[in-house]
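Just so it is clear, the structure is predicted and the values come from calculations on it, not from any experiment. Indexing begins at 1, ligand by ligand and atom by atom, following the structure's order.
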Amino acid sequence: KHDSPVSCAKKAKTVKAQQILLAELEAHPAAWPFLSPVNQKSVPGYRKVIKKPMDFSTIREKLTNNQYLSLESFIMDVNLVFDNCEKFNEDHSEIGQAGHSMRRYFDKRWTELLK
Ligand SMILES: Cc1ncccc1N[C@@H](C)c1cnc2ccsc2c1
């Protein structure tokens, strides 16, 4: 069944916004702890503490495979990256600070882009 032209155009707009947002997250100077999956063998406790690991390369893979059926599901995965970071890392650690900085940046950019 084909979408109406209106909903098809609307879907293209949100996909474009997701691509722009993800590219900006990947390019951010503080993105380094989040670019690839945490190596659960080399980070003691991570596997037990973090039930749903997520990172920018996994989000990139899902976006490429059209796995985000809505803007909300994309935003939920990005927030999962930052929530996992807050759960595992001290606020004032280097990684904790990177997580706070990236979350502030994402919140600002997606409201600018989509509101
Ligand atoms: C986001 C996150 N949360 C908890 C633990 C690790 C990580 N990131 C990984 C890449 C990572 C793995 N190892 C190191 C060593 C120094 S910073 C850093 C970052």
Side-chain angles (χ1 to χ4, degrees):
K1 188 141 171 19
H2 297 290
D3 270 343
S4 71
V6 169
S7 54
C8 180
K10 195 169 172 303
K11 199 177 293 181
K13 182 173 181 288
T14 52
V15 168
K16 186 88 190 109
Q18 289 164 8
Q19 285 165 342
I20 292 168
L21 284 167
L22 183 55
E24 292 178 346
L25 290 173
E26 290 167 333
H28 193 286
W32 56 271
F34 316 109
L35 291 174
S36 36
V38 175
N39 181 333
Q40 305 194 25
K41 283 188 287 301
S42 66
V43 180
Y46 201 82
R47 184 194 311 277
K48 181 86 174 96
V49 171
I50 301 301
K51 302 305 178 197
K52 291 169 67 182
M54 188 48 65
D55 71 284
F56 295 161
S57 72
T58 303
I59 294 172
R60 170 63 65 194
E61 188 73 22
K62 288 177 72 172
L63 192 58
T64 305
N65 302 339
N66 296 311
Q67 285 176 256
Y68 291 114
L69 303 182
S70 70
L71 175 62
E72 286 75 18
S73 57
F74 170 78
I75 291 174
M76 278 167 60
D77 266 0
V78 175
N79 284 325
L80 181 56
V81 175
F82 305 141
D83 294 344
N84 289 344
C85 183
E86 278 207 52
K87 184 169 189 183
F88 196 86
N89 302 285
E90 294 292 325
D91 283 338
H92 299 289
S93 67
E94 200 182 345
I95 304 181
Q97 283 295 304
H100 290 306
S101 164
M102 291 300 298
R103 184 200 294 276
R104 281 193 300 270
Y105 178 72
F106 179 67
D107 287 349
K108 186 169 82 66
R109 284 301 293 140
W110 87 258
T111 45
E112 282 164 3
L113 214 53
L114 288 151
K115 277 187 182 162

- Note on the structure: Between the CD atom in E72 and the CG atom in D77, the distance rounded to the nearest 0.5 Å is 12.5 Å
- Message: Protein non-hydrogen atoms only, distance under 4.0 Å: does atom 14 (C) of ligand 1 have such a neighbour?
- Response: no
- Query: Which protein heavy atom lies closest to atom 2 (C) of ligand 1, and at what distance to 0.1 Å?
  - Reply: V38 CG2, 3.6 Å
- Note on the structure: The reported gap from CG in L21 to CG in L113 (rounded to nearest 0.5 angstrom) is 5.0 Å
- Looking at atom 9 (C) of ligand 1, what's its closest protein heavy atom, distance included? P33 O, 3.8 Å
- Query: Should the heavy atoms of other residues, nucleotides or ligands under 6.0 Å from NZ of K41 be counted, would the total exceed 12?
  - Reply: no
- For Y46 and ligand 1, does the shortest N/O to N/O distance drop below 3.5 Å? no
- Could you list the atoms of ligand 1 found under 4.0 angstrom from a heavy atom of F34? 1 (C)
- Message: Quick test: of every protein heavy atom, which one is nearest to atom 3 (N) of ligand 1, and how far off is it to 0.1 Å?
- Response: N89 ND2, 3.2 Å
- Message: Quick test: of every protein heavy atom, which one is nearest to atom 18 (C) of ligand 1, and how far off is it to 0.1 Å?
- Response: I95 CD1, 3.8 Å
- Can you list the atoms of ligand 1 that are under 4.0 Å from a heavy atom of W32? 17 (S)
- How many angstroms lie between CD in E112 and CG in D107, if you round to the nearest 0.5 Å? 11.0 Å
- Go through F56 and M102 one step at a time and tell me if the side-chain contact (heavy atoms from CB on, under 4.5 Å) criterion holds. CA-CA 12 Å; F56 295 161; M102 291 300 298; 3.9 Å; yes
- Item | Derivation of the side-chain contact (heavy atoms from CB on, under 4.5 Å) call for L71 and L114 | CA-CA 10 Å; L71 175 62; L114 288 151; 3.7 Å; yes
- Look at atom 11 (C) of ligand 1 and say whether a protein heavy atom is found at less than 4.0 angstrom from it. no
- Just wondering, more than 12 heavy atoms not from Q67 lying within 6.0 Å of its CD? yes
- For ligand 1, which atoms sit closer than 4.0 Å to a heavy atom of F88? 4 (C)
